[in-house]
Number of protein chains: 2
Amino acid sequence: MGSTGGRRERLRAETTAEIKQVALKLMASDGPDAITLRAIAREMGMTANAIYGYFATRDDLVTTLIKEVYTALADAVDTAWAGTPAAPPAERIQTWAHAFRDWALANPEGFRLIYGDPVPGYLAPEGGAAPDAAHRVCTGIAGLADAAWPHAEHLYAHSAFEWSDFDGALLDEIRPAFPGLPPAGVALALRIWGRLHGLVSLEIYGHLRTQTVSPGKLFQEELAQLVRSLGIEPEDT
Amino acid sequence: MGSTGGRRERLRAETTAEIKQVALKLMASDGPDAITLRAIAREMGMTANAIYGYFATRDDLVTTLIKEVYTALADAVDTAWAGTPAAPPAERIQTWAHAFRDWALANPEGFRLIYGDPVPGYLAPEGGAAPDAAHRVCTGIAGLADAAWPHAEHLYAHSAFEWSDFDGALLDEIRPAFPGLPPAGVALALRIWGRLHGLVSLEIYGHLRTQTVSPGKLFQEELAQLVRSLGIEPEDT
DNA sequence: ATAGAAACTTCACGGCGTATAGTTTGCTCA
DNA sequence: TGAGCAAACTATACGCCGTGAAGTTTCTAT
């Protein structure tokens, strides 16, 4: 039988990895539009059709890339969060947010790939391209909300949210991780998420460029206000 | 001389309008990817190349569409704002925000056209595709900030913003319109903008679908908190 | 050694944007 | 009125794209 570790399989895995890597390189250098089977194949000295042996379709390849890039983003913010276990909540939240923005600025194409309509005719599969990574990021933010919850709870007393308002798979991750966080806290997490995403998204897509020359300062100030709105006082400067 | 109102010019204007209208129809029915010169021409019983008589390039057409759609969005929110001249600030702001979200939900393709990478290889021209409309929307939000400023001012006392942080053309619109609004107020406007944009953008691109089944409720709650963070108490319900 | 599977190529089709060149149409002015 | 001209439009072609079908090579398991 074709046992694990056979030469055939190893080559196959290597080629698969090379396809993805070349695709990411093309995306980084020439934008998401450059992710074409023919360009990848050209770069690899192959025929475009050879790629069909590894990915059923171009959209399949793109979906895989999205999963990979999204996971990288999730890793980046999780690492930032894990790096400040003992810091006060305000500082932890700002660290997380800056990790998010920094990643986006360092990987603008990746950000577009994840959060936009990145590639010509690409149609995301049922339920989103990378629900797992999306949940990881969201769970990360739930961590922010959980850290702030003792201070913020009284501000969100009459929230209309119930568990049934949320996606089950998401709750399966969040509820065990943060048993003290009620529905209002999860909603708070999503709203924080929207807030951070909003400014970064405007910046990455260039919609702030026509308005301010200091997007970083704007983000900084928004963060300070966000922290304040959580009932925590931000540190100065 | 070919005086104004000549038959030639009228036909030309009609054809130009039809091209744009067909393009918008295709976008609405089949998504932004459907905006191809060949498809438009097919629909009009013409050759794709005939369109080059009206638009220098496909990207030119797309830029024109973006301007048009962006203007429609600006009209929608301006109308909502103008419709509640005497209401309390909290209500006006919520009306504006709902007009924005409702427009986005009713014109998701238009939203993507404006705020995403909408069409295959489209590259926005220098300075953005529609800086005028972008400034109009931003000026509208400055109106929100201006309305809230008397209540909110003390919250943003030590803002680090100065006039030089903003785009000159934007300030040319905002400063005369809201002479009482300092740099910190303009920054507040941009941050409000990012906040509203963030949730709507996540919703339109389907990134909330994997997390909550009640995006409207989430938006509602974010709005209530936004108004509260401006120093105004939101109405109940 | 050989049958078969896997990897890869070749060829083909239709769709895309757009450059070039040619044709028709309608207006203007002598 | 008719000659000339410009605008509107078509035809053809090129090089991209994704992808299907069929053929060829190469490796592997028996």
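Chain A is the first sequence line, chain B the second, and so forth, proteins listed ahead of strands; every chain is numbered from 1.
At whole-Å resolution of the value, CD1 in A:Ile35 and P in D:dC16 are 19 Å apart. We find that CG of A:Leu37 is positioned 13 Å from C1' of D:dC16, with the value rounded to whole Å. Here D:dA8 presents its C1' atom at 14 Å from CD of B:Glu18, a figure rounded to the nearest Å. Counting to the nearest Å, the C1' atom of C:dA7 and the CZ atom of A:Arg12 are 9 Å from each other. Between the CG atom of B:Asp60 and the C1' atom of C:dG17 there is a distance of 13 Å, given to the nearest Å. A straight line from CG of A:Asp59 to C1' of D:dC17 spans 13 Å, rounded to a whole angstrom. Spacing between atom CD1 of A:Ile19 and atom P of D:dG18 amounts to 13 Å, rounded to whole angstrom units. D:dC16 atom C1' lies 14 Å from atom CZ of A:Arg58, rounded to whole Å.
At C:dG17, none of the side-chain N or O atoms of B:Thr57 fall inside 4.0 Å of OP1 or OP2 (strictly under the cut-off).
With hydrogens and angles ignored, the 3.5 Å screen pairs a side-chain donor or acceptor of B:Asp165 with a backbone N or O of B:Glu162.
Comparing C:dG17, C:dT9, D:dT19 by their closest approach to the side chain of A:Thr47 singles out C:dT9. The side chain of A:Arg38 approaches D:dC17 more closely than any other nucleotide in the set C:dT18, D:dC17, C:dT9. Across C:dC8, D:dC9, C:dT18, the shortest atom-to-atom separation from the side chain of A:Ala50 is found for C:dC8. In the set D:dG18, C:dC8, D:dT10, the nucleotide with an atom closest to the side chain of B:Met46 is D:dT10.
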(message) What verdict does the salt bridge (charged side-chain N to carboxylate O under 4.0 Å, His left out) test give for A:Glu173 and A:Arg136, after you've listed the backbone C-alpha separation in whole Å, the side-chain angles of each residue and the deciding distance to 0.1 Å?
(response) CA-CA 8 Å; A:Glu173 288 203 42; A:Arg136 265 187 69 199; over 6 Å; no
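Summary of the strand contacts: A:Arg42 and A:Asn49 both lie near DNA chain D, and taking for each the nucleotide with the nearest heavy atom, the more 5' one is attributed to A:Arg42. Mapping B:Tyr52 and A:Thr15 onto DNA chain C via the closest heavy atom, the residue that lands nearer the 5' end is A:Thr15.
With 3.5 Å as the limit, one finds a donor-acceptor pair spanning the side chains of A:Tyr115 and A:Tyr70.
Note: B:Phe111 and B:His197 have parallel aromatic rings, judged against thresholds of 30 and 60 degrees for the angle between ring planes.
For B:Phe100 and B:Trp193, the gap between ring centers is short of 6.0 Å.
B:Phe55 comes within 4.0 angstrom of nothing in the nucleic acid, heavy atoms only.
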